[in-house]
Every structure is written in C-alpha cells, then in structure tokens.
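Beneath this line is the structure, given in structure tokens, with notes to follow.
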Amino acid sequence: MSSSATPSFSPLAKPAPPGPDDREPLVQLPESPAWSASPPRLLIIGAGSRGRAYARATRTSSNGIVCAVAEPDDYKRTEFVRTLLGNPGAAAEVLPAEGSVFKDWREFIVYEEARRARVLAGDKDVPPGVDAAFVCVLDEMHREVVLALTKLGGLHIMCEKPLATRLQDCVDLYEALRDNKSEKGEQLVFSIGHVMRYSPHNVLLRKLLLEDRVIGDILSVVHTEPVGFWHFTHSYVRGNWRREDKTAPSLLTKSCHDIDVLMWLLCSPPSYSERDVEPPHLPSTVSSVGSLQYFKKSRKPVAAGGATNCLTCPMESSCKYSAKRIYVGKELAGLGSGNTHWPVSIVLPDIESYGEDDKAKEALLSELALDYDATVPDDQVAKRNWFGRCVYEADNDVCDEQVVTITWDEDPLPSSRPTQDAELAGLADPMKGRGSKTATFHMVAQTSRICDRYTNLYGVDGEVFADSTTVTVQDFRTGKTTTHRPRLESLGHGGGDAGLTRQFVLAVDKVKNHGWSTQKAQKELVGCTLDEVIRSHAMVFCAEEARKGKKVVDWPQWWAKEVERKLGPN
C-alpha cells in the first residue's frame, strides 16, 4: 500500500491466496501501511497489558512510532522502554534524549506544556512532540487523564474501554472530546478500545449482514459472552473489577464491547463515509435482569470451613477455583505451564525478573498468600487485588450473570418507501434495516469457554450463526448453507487489537501527512463516531437502571433526560 493510497475501513477488499488451514480466502490480512515522511508519533499512557498490546500492534501493524511512555511502576516502565519503545521499521527515527519516558501522565503534561513554550519562544533543538496518545490506565482514571489531554489540546486520542465508569463522566468526556479541536477548528480524531469492531471476523459479519444482506432485514439477535469460570474469578472476584463502587458494573467493565457490537450491527448506519448522513435506527426499550448469583459466602462448600485463602484451605486441591491451580499449576494458564504472561503477570508484574522457576514460584506463592481479616479496614481491602483469596469470601459485588434485552420499533426513512413500480417488480424493501427487531445479550461466568463469544442472528430471508472463528449463513430462499472462515490477523481479540491500532494510527497519519479532514479520517478509517461511543456506553447505564429498578425503560425518554439535557451547546 503506497502512502498516497486511500485504504478502506474494511479489510475485505481483496481475496487472500488459499491457505493450508482450510480457511476461506475471504479476508486479506492487511499489510502495514507505508511509512510517511513524518510518521505519527505516539505516547502510551499506562504500560500494563493493554498498553503493551497496543504498542506491539503499533510495531507490527501500523505506520506509527511509539516514541514515549508514561508509567508509574518502575519495572513496567523499564521493560516497556527496553522492548517496545521506538520502532525498528522507521530507520530515520531517532528517539530524543528527553521527552520519551515519564513516571506518570501528569509528568508528561508538565513536560509537554514546557516543550511547547520553548517552541513558541523560538528555542532551537526542541525535541518533537507526540501526535496522539493511547490512554491505557485503570478505568476509573480515564476521566481525569482524557480531560487533561483535551485541555492540553492538539492530540488525537485513543482511550481504552470503557470511556469512563459513570454516566456523567462519559457525558463530560463526550463534551471535552467534541471540543478537542485542531488548529483548523476540526474535532480531532478519537477512538475507543472497542476492539471487537476491528477483528476480521466481525468486519466480515457486518459486511455480510448490512452490505450483502445475506439474510435480509434482521429480526432478532441472541448474543452470548461466556466469560469463563476461572477467568471471571481472576478479574471480577479477586481482581481489579470486582467492586462496583471502586470501578463499575461488570456489564460496563466486561461487556461494553458486546453492547457496542449489537449497536454497531443494529443501530449504526450500514456504511461510514464523510458524506453519509443516514440517521441511526435508535432503540425503543431496554430491560435487564441479573445478579451476583454464585461467588458469595452462601455458596461456600462446607468442607472449606473458615478458610479465607486458598493456601490454607483444606479443600484447595479439589477446588476448581484454587489460586494455586490457576496461577501456579500446569492445568490452566499457570506458571507451571510455562506461562509468565496474563494472568500470572497480573498477580506478579515482575515475574520474569526472578529467572529461575523455583524463585519465580516462591515469589508467586508469597503474593498469593497475602490475605486480610475483619480488622483490616474496608478501604484498605479495596485498594489492592487479592488473588489468593477464597472466591466465596471476597469483597466482590458485581453481577456474574446478566441478560439485556433491547427492542427497536419500525422507523423507515422517507426515501426508503418503495414506489408502486418497485412493488410490482418484487423489489420492495420498505425497511432497509429499520424494521422492528430485538437483541438479547447474555453474559455468563460459569463456562469452559473464555470470552469465546457466539451469536445467532435471525432475518427475514435466513439465519446466521457466528462464533469466534466461523460465520455460517443459511439462506431460506435457496436452501444453501455457507460457512465462512475468516483468517485471524493475530490472537489479540481475534485481530481486533491490531485492527483498531492500525486504523487509528492510519487516521492520524492521513490527517498529519496527507491532507485529510479529521471528519473523513474519523468515519472512513476509525469507523466509529463520538456519538456512537456515547450511545453504546449510555446503553449500558440504561440497562443497569432497568436491572436495578426491575423495569422496562423507554430509551428515547431516558436518553433525553439522562444524556441530552446534560450536554452543553455544541
């Protein structure tokens, strides 16, 4: 791909050559875009698992350079600098002696303000700044970091999902990002970490449904997110996202991906272009049921007695949630299987620094042995993770099972009403995707699958079953069944990490080097508008209100009250 080419948002343009693995040549794995004379310069704020994932994707799949990192943890920051800072593909890039490593995002803000002041003062040899930032800090920190970046101004921003942990914070960020303008007065590029939009699998699924219309109008969707029995305990019973008061409901922290994909398929316009003005097909009602069903003291096995930590529990060896089994053993993804990455590295971030297996195991067991009792104040318990804690004795309160139902009423566009001649010709399509429909989402913890989602879609002309590797279409009109097997670009969210990174960096590149407007880059390359971001997040909060109130919520009324009335003038 030349630097002057205009790549499509969809990577479906050309067929790939047949491969030996029986996967259909339906999706060509995109090549990294060619280097521009002045490649996009990127800052990673937060060198945890997501920050490293986007940095790796930048190296392998984009034409940008990770030239700066802000991370408070000394080990994470040092390892990031050693392994991910800079880009060997950009031969002309020389990292500045200053401006590349920061202890936190605040230090970067102070430095960048001073750097810009030096430029305005006419100082010579001022290091170049960055063009964009990836915000990969804890969810509850997103608001202050993104607001600080928009106040600084001049940077394109990608924020890991969710946008924020409270609805009002999402509204505040929407306004700030809407007002984050370039020198030309254009809204700067923004992307959210909804990586599921960018996997070859989901890009193909959307193309088949909305462009090729393989099953005609969609009538209903049933989508399941199986979290995984031990994965749920890692993140939502023992880990960062276990308490709603400290983070957010699990529907937001885990499943905002899935709600967004449903809105992308059923609400967003079929195509994205700078000239596209088709309004979204907005939902009518929202309802939800769910609770913390299992991971609580009332479910604790009698044989466990009074133990509160796996390492002192009499039934540890037979418990499927044993911390030793999950993090130390060979059976799942523990250290004994040779794994030193997630989830082991979440328990002990510097696990690789211990070298010998015995020393690493000893350090890991020492971390898992940490526990608390009734004398430890709740605020101290909430400050850290307790990966050795009994899953029936933890301080978690988020749902481990939830169902959300969204409905749409008929809302055809005036231009879509067929003429009499079209009706006579049998070509009438009065709804064009804007007919009545229903989406049901199910998040479930107790599964052997780990985030291996699957979806049934029912249309007027056929049905589709999609899992993480295949899309099977049954056509009622012809009786034919076709199974598509799109190729994976990478393992990170089925290629979604690479896809999102490539499209965001390419959008920044097109604005910086090739004269594109930010609106064109936002729609045609990022393929997600700021309005879609606030809408899908608001849907999560609406569903939570419905669940807690045991009611069916009128979406238009709720949106007008909870979002529109809180927005300032545009």
Side-chain angles (χ1 to χ4, degrees), residues 46 48-50 72-73 136-145 160-170 193 225 227-259 288-300 307-310 321 323 326-327 342-343 346-347 349 367-368 370-402 404 443-446 451 537 540-549:
S49 58
R50 297 309 298 152
D73 184 275
C136 306
V137 295
L138 293 173
D139 298 349
E140 55 269 30
M141 295 174 60
H142 288 180
R143 183 183 190 275
E144 62 176 340
V145 176
E160 175 56 4
K161 64 86 181 169
L163 180 62
T165 57
R166 301 291 180 266
L167 177 59
Q168 184 59 56
D169 290 346
C170 289
E225 180 185 19
V227 183
F229 72 98
W230 67 264
H231 177 210
F232 192 91
T233 65
H234 169 73
S235 296
Y236 304 96
V237 178
R238 292 162 162 157
N240 283 335
W241 300 280
R242 67 188 188 269
R243 290 176 55 147
E244 185 175 335
D245 63 338
K246 296 301 179 183
T247 55
S250 54
L251 186 65
L252 183 74
T253 59
K254 184 70 184 84
S255 303
C256 64
H257 276 314
D258 301 87
I259 297 300
S288 180
V289 293
S291 65
L292 174 58
Q293 292 187 160
Y294 185 68
F295 296 105
K296 51 188 178 181
K297 193 167 186 176
S298 61
R299 296 280 195 170
K300 186 178 181 181
T308 59
N309 185 279
C310 288
Y321 303 110
I326 294 170
Y327 302 113
W342 184 95
I346 303 300
V347 180
E367 181 67 23
L368 293 176
L370 297 178
D371 202 2
Y372 59 88
D373 57 27
T375 65
V376 180
D378 182 68
D379 63 334
Q380 296 300 312
V381 173
K383 280 183 178 180
R384 56 158 296 149
N385 298 324
W386 305 87
F387 289 110
R389 185 77 177 181
C390 172
V391 297
Y392 306 102
E393 294 274 5
D395 62 332
N396 57 301
D397 60 10
V398 297
C399 290
D400 55 19
E401 183 103 14
Q402 188 161 358
V404 178
M443 183 274 285
V444 54
Q446 300 295 352
C451 303
H537 280 75
V540 173
F541 291 105
C542 182
E544 278 296 281
E545 182 174 316
R547 180 183 70 85
K548 293 177 179 178

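Worth knowing before you read on, the calculation uses all heavy atoms, side chains too, and leaves out hydrogens, waters and symmetry mates. Residue numbers count from 1 along this sequence.
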Would you be so kind as to tabulate the donor-acceptor pairs closer than 3.5 Å made by side chains of residues 289-298, with sequence neighbours excluded?
residue	atom	partner	partner atom	Å
Tyr294	OH	Tyr392	OH	2.8
Lys296	NZ	Leu292	O	3.2

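For the atom pair NZ (Lys254) and CD (Glu225), the distance works out to 4.0 Å, reported to the nearest 0.5 Å. The structure places NE2 of His537 at 11.5 Å from CD1 of Ile259, a figure rounded to the nearest 0.5 Å. In this structure, CG on Asp371 lies 9.0 Å from CD on Glu393, to the nearest 0.5 angstrom. Between Leu163 atom CG and Asp169 atom CG the span is 9.0 Å, to the nearest 0.5 Å. Atom SG of Cys451 sits about 8.5 Å away from atom NE2 of His257, to the nearest 0.5 Å. The OG atom of Ser288 lies 10.5 Å from the NZ atom of Lys548; values are rounded to the nearest 0.5 Å.
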Candidate pair Ile326 and Arg238, rule side-chain contact (heavy atoms from CB on, under 4.5 Å), full reasoning
CA-CA 12 Å; Ile326 294 170; Arg238 292 162 162 157; 3.8 Å; yes
From CA spacing to verdict: side-chain contact (heavy atoms from CB on, under 4.5 Å), Phe541, Leu252
CA-CA 8 Å; Phe541 291 105; Leu252 183 74; 3.9 Å; yes
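No side-chain heavy atom of Arg143 sits less than 4.5 Å from a side-chain heavy atom of Gln168.
Taking both residues in full, the closest heavy atoms of Trp386 and Leu370 are given as CE3-O, 3.7 Å, listed atom of the first, atom of the second, then distance. Looking at every heavy atom in both residues, Lys300 comes nearest to Ala307 through NZ-O, 2.7 Å. Heavy atoms only, all atoms of each residue included: His142 and Glu160 are closest at CE1-O, 2.9 Å. Taking each heavy atom of Tyr372 and Arg389 in turn, the nearest pair found is O-NH1, 2.9 Å. The nearest pair of heavy atoms linking Thr253 to Ala248 is CG2-CB, 3.8 Å. Counting all heavy atoms, side chain and backbone alike, Val227 lies closest to Ala445 at CB-CA, 4.2 Å.
Ion pairing between Arg243 and Asp378 holds under the 4.0 Å rule for side-chain N and carboxylate O.
Not a single donor-acceptor pair under 3.5 Å links the side chain of Lys246 to the backbone N or O of Trp241. In this structure, the side chain of Ser250 engages the main chain of Cys399 through a donor-acceptor pair within 3.5 Å. At distances below 3.5 Å, not a single donor-acceptor pair connects side-chain atoms of His234 with backbone N or O atoms of Pro343. Checked by atom type and distance alone, the side chain of Asp400 never pairs as donor or acceptor with a backbone atom of Gln446 at under 3.5 Å.
Evaluation of the ring pair (Phe, Tyr, Trp, His ring centres under 6.0 Å) rule for Trp230 yields Trp342 as partners, not counting sequence neighbours.
The residue from Asn385, Asn396, Asp397, Thr233 that alone fulfils the side chain to side chain donor-acceptor pair (under 3.5 Å) condition with Arg242 is Asn385.
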